[in-house]
Amino acid sequence: MNKNRTILALDPGLRDLGFAVLRGPRLVAAGVRPLRLLPRSRRHAEARRLVADWIRAYRPRVLVLEATYRHPVPGFAALHCLARASRRIARTARIEIAEYAPQTVRKAIVGSGRATKRETALAVATRFPQLRVHLTQDRRWKECYFLNLFDAVALALHHQGEHA
């Protein structure tokens with residue numbers, strides 16, 4: 001594998017969409033896009049637009065997603081639809097696609113598949129100290145919000161480690 005190829009990783013969510021872009025060992029971009037402020041009917045379209053924009057902006061060679069599954073509960077089903085749409089966008093752009101279960105990523109990053117999101121965030125912040133600012137928040141909702149960023153970075157790091 002080309003060690004400098006660009007990875008776009010997504011922690012899919014229809015309330016908050018976490019993303020990270022790694023180019024080799026460098027974290028190029030990472031963040032969270034809040035979708036919760038939009039009406040539910042517009043969230044899916046906005047998430048698809050964001051994914052397409054990130055692909056155009058960063059030209060990744062691979063899209064890494066947290067694995068989602070079909071589910072009878074509408075919220076989880078919508079999440080699976082978002083992941084499916086992201087895969088379609090990547091295929092159209094001829095981008096490799098990889099998906100990993102959260103437990104697999106946490107085991108690789110933290111050493112335990114049962115690690116918490118917070119423990120994963122701490123391990124990621126050790127690798128990228130510039131992200132430490134997002135670890136201490138004055139509100140619980142802010143902490144949950146930024147955990148999406150850390151999950152996306154962890155996905156990218158796991159993929160990079162798998163293909164080193």
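Since we're looking at a predicted model, the values are computed, not measured.
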Tyr58 to Arg23 - nearest heavy-atom pair and separation:
O-NH2, 3.4 Å
Indicate the atoms forming the closest heavy-atom contact of Ala9 with Ala152, along with that distance.
CB-O, 3.2 Å
For the side chain to side chain contact (heavy atoms under 4.5 Å, CB included) test, which of Ile55, Leu22, Ile7 pairs with Pro60?
Ile55
Spacing of NE2 belonging to His44 relative to CG belonging to Leu79, to within rounding of 0.5 Å
9.0 Å
Arg36 CZ: over 12 foreign heavy atoms closer than 6.0 Å
yes
Can you find a heavy atom in the side chain of Trp54 that is under 4.5 Å from one in the side chain of Leu10?
yes
Show the numbers, then the answer: is there a side chain to side chain contact (heavy atoms under 4.5 Å, CB included) between Asp11 and Lys117?
CA-CA 12 Å; Asp11 179 32; Lys117 284 178 160 273; 4.2 Å; yes
d(Arg15 CZ, Leu37 CG) to nearest 0.5 Å is 9.5 Å
Between Asp16 and Pro34, the two heavy atoms sitting closest are OD1-CA, 3.6 Å
Using modelled atom types and a 3.5 Å cut-off, is there a donor and acceptor pairing between side-chain atoms of Gln160 and backbone atoms of Gly24?
yes
What distance separates His163 NE2 from His158 NE2, expressed to the nearest 0.5 Å?
8.5 Å
Show the numbers, then the answer: is there a salt bridge (charged side-chain N to carboxylate O under 4.0 Å, His left out) between Arg43 and Glu46?
CA-CA 5 Å; Arg43 292 178 187 182; Glu46 177 64 9; over 6 Å; no
Taking all non-hydrogen atoms of both residues, which atom of Arg33 and which atom of Tyr145 are closest, and how far apart?
N-OH, 4.4 Å
Gap between atom CZ of Arg59 and atom CG of Leu8 - 0.5 Å precision:
13.5 Å
Could you tell me if the side chain of His134 sits less than 4.5 Å from the side chain of Leu147, heavy atoms only?
no
With rounding to the nearest 0.5 Å, note down the distance linking CZ in Arg132 to OG1 in Thr126.
6.0 Å
Is the number of heavy atoms from other residues, nucleotides or ligands within 6.0 Å of CZ (Arg84) greater than 12?
yes
CD1/Ile89 to CD1/Ile97 distance, rounded to the nearest 0.5 angstrom?
10.0 Å
Sole candidate of Val51, Leu65, Leu82 that passes side chain to side chain contact (heavy atoms under 4.5 Å, CB included) when paired with Arg87
Leu65
Nearest heavy atoms of Ala20 and Leu27, plus distance in Å
CB-CD1, 4.4 Å
Could you check Leu131, Leu155, Thr120 and say which one makes a side chain to side chain contact (heavy atoms under 4.5 Å, CB included) with Phe150?
Leu131
Minimal heavy-atom distance between Leu17 and Pro12, with the atoms involved, is CD1-CA, 3.7 Å
Under 3.5 Å, side chain of Arg42 to main-chain N/O of Leu35, donor-acceptor pair present?
no
Considering only distance and modelled atom types, tabulate donor-acceptor pairs under 3.5 Å from the side chains of residues 102-110, sequence neighbours left out.
none

